[in-house]
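Chain identifiers are assigned alphabetically (A, B, ...) following the order of the sequence lines, protein sequences preceding nucleic acid strands; residue numbering begins at 1 within each chain.
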Amino acid sequence: MDFQGASYGVDIMGINNYINDLNTAILTNVSSTIRDCSEVEAAVKAGWVGQSADQFLLNLNKAADQMCDTLKELQKTFEAEIKGIKDQMMDFDDALVEEE
Amino acid sequence: MGLIDKVRLGLGKAVDAVNNLKDKFTAAIGKVQGFVGSCFEVARNGSTFTGINYDSIDKIRGSIRTYVTKIQNELAKINSDLSPDKALKGDIAPAASAYVKAVTDVADAYVSALLAYSDKMYEYGEAFKKNDASLTSNVKDEASALASSAEKYTEKY
């Protein structure tokens with residue numbers, strides 16, 4: 001039987017790929033979108049000049065960095081949960097049938 | 001009184017009149033408080049001017065909303081593009097999907113906090129407008145005080 005034919009089960013390679021795909025989605029794609037404030041910067045520079053404008057952009061970029069750090073923590077929590085599911089399912093399989 | 005003495009007296013009175021006018025002018029200048037501020041030759045960021053175009057406020061706010069929407073669209077892709085089907089089988093699979101959705105919902109709500117910068121932009125715009133109005137009022141008062149002290153000297157002869 002291959003994994004696709006299973007009604008219940010866990011695929012270790014599948015779990016690892018799923019976690020990697022989520023890491024890419026959250027830590028790379030979402031984070032790079034958060035860090036790309038270029039359109040906001042362009043809009044600010046087109047209509048606002050001074051220390052206040054510069055500080056506004058610094059504050060926004062700082063908030064974006066903090067947001068990325070929090071998403072990283074969220075991703076770690078998720079990863080721990082999925083790995084926990086995998087471990088629990090593997091442990092269950094290990095323990096279900098005892099050697100007689 | 002001789003002629004020379006009369007001229008001297010006349011000149012003295014004229015000098016007094018000029019000096020009195022000068023004193024009044026000095027007093028009027030003294031009533032002007034002036035604005036105390038730092039003596040910037042260039043703005044702290046190196047620019048030779050500071051200012052804001054009020055029309056840009058809505059554009060900046062719009063750009064922030066677009067920025068937040070782009071982030072939220074990336075988060076939404078996680079639920080639509082990724083599936084645990086190749087990792088988990090059984091009821092646990094949709095449960096894991098629901099867990100991922102809960103994570104992305106939390107992230108989505110967290111990211112929406114960036115919209116606070118759109119509200120900040122509105123507040124900064126209002127602050128600029130109030131400062132403009134306040135400064136204008138003060139300068140008008142100073143101009144009025146100066147004007148009321150102005151006294152032209154007209155020749156008597």
Rounded distance (nearest 0.5 Å) linking atom OG1 of A:T24 with atom CG of B:L82: 9.0 Å
Which bit of B:Y99 comes within less than 4.5 Å of chain A, counting heavy atoms only: side chain, backbone, both or neither? side chain
In Å, rounded to the nearest 0.5 Å, how long is the span from OG1 of B:T50 to CH2 of A:W48? 11.0 Å
Who wins among A:I26, A:N16, A:T70, A:I82 for the most heavy-atom pairs under 4.5 Å with chain B? A:T70
According to a 4.5 Å side-chain heavy-atom criterion applied to Ile, Leu, Val, Met, Phe, Trp and Tyr, with indirect links allowed, do A:V97 and A:F92 form part of one hydrophobic cluster? yes
Taking atom CG of A:D94 as the centre, report whether more than 12 heavy atoms of other residues, nucleotides or ligands fall under 6.0 Å from it. yes
Pick from B:K120, B:K59, B:K77, B:M121: which one has the most heavy-atom pairs with chain A under 4.5 Å? B:M121
Report which part of A:A46 has an atom under 4.5 Å of a heavy atom belonging to chain B: side chain, backbone, both, or neither. neither
Establish, from distance only, whether the side-chain atoms of A:Q4 and B:K86 form a donor-acceptor pair under 3.5 Å. no
Okay, A:L60 and chain B: the region with an atom under 4.5 Å from a heavy atom over there is both
A:Q66 and B:Y110 have their tightest heavy-atom pair at O-OH, 3.8 Å
Report which part of A:M89 has an atom under 4.5 Å of a heavy atom belonging to chain B: side chain, backbone, both, or neither. side chain
Do A:I85 and A:I15 land in one hydrophobic cluster if side-chain heavy atoms of ILVMFWY residues count as linked below 4.5 Å? yes
Find the one option among A:S7, A:G9, A:A43 whose heavy-atom pairs under 4.5 Å with chain B are most numerous. A:G9
Relative to chain A, which segment of B:T104 carries a heavy atom at a distance below 4.5 Å: side chain, backbone, both, or neither? neither
Say whether A:F3 and A:M90 are linked into one hydrophobic cluster, either directly or through other cluster members, by side-chain heavy-atom distances under 4.5 angstrom. no
pair B:Y117-A:N59: side-chain heavy atoms closer than 4.5 Å: yes
Within the distance-only criterion (no hydrogens, no angle test), does the side chain of B:Y67 pair as donor or acceptor with the backbone N or O of A:I34 below 3.5 angstrom? yes
Rounded distance (nearest 0.5 Å) linking atom SG of A:C37 with atom CD1 of B:I64: 9.5 Å
Is there side-chain contact between B:V100 and A:Y18, with at least one heavy-atom pair below 4.5 Å? yes
Without swapping roles, check the side chain of B:S56 against the backbone of A:G47 for a donor-acceptor pair under 3.5 Å. yes
With distance as the sole criterion, is a donor-acceptor pair present between the side chains of B:Y124 and A:S52 under 3.5 Å? no
Out of curiosity, does B:L75 fall in the hydrophobic cluster containing A:F78 (side-chain heavy atoms, cut-off under 4.5 Å, transitive links)? yes
Rounded distance [0.5 Å steps], CD1 in B:I60 versus CG in A:L57: 8.5 Å
Result for side chain to side chain contact (heavy atoms under 4.5 Å, CB included) between B:K70 and one of A:V30, A:T33, A:D36 points to A:T33
What residue, out of A:E81, A:K86, A:E39, has the most heavy-atom pairs lying under 4.5 Å from chain B? A:E81
Could you see if A:I12 belongs to whatever hydrophobic cluster contains A:L22? Use Ile, Leu, Val, Met, Phe, Trp, Tyr and a side-chain cutoff under 4.5 Å. yes
Which atoms of B:I92 are under 4.5 Å from chain A, going by heavy atoms: the side chain, the backbone, both sets, or neither? side chain
Heavy-atom proximity to chain A below 4.5 Å, by part of B:D85: backbone
Mind ranking B:N53, B:V106, B:I71 by heavy-atom pairs under 4.5 Å with chain A and telling me who comes out on top? B:I71
Applying a strict 4.5 Å limit to non-hydrogen atoms, the region of B:V68 in contact with chain A is neither
Which portion of B:Y54 sits near chain A, non-hydrogen atoms under 4.5 angstrom: neither
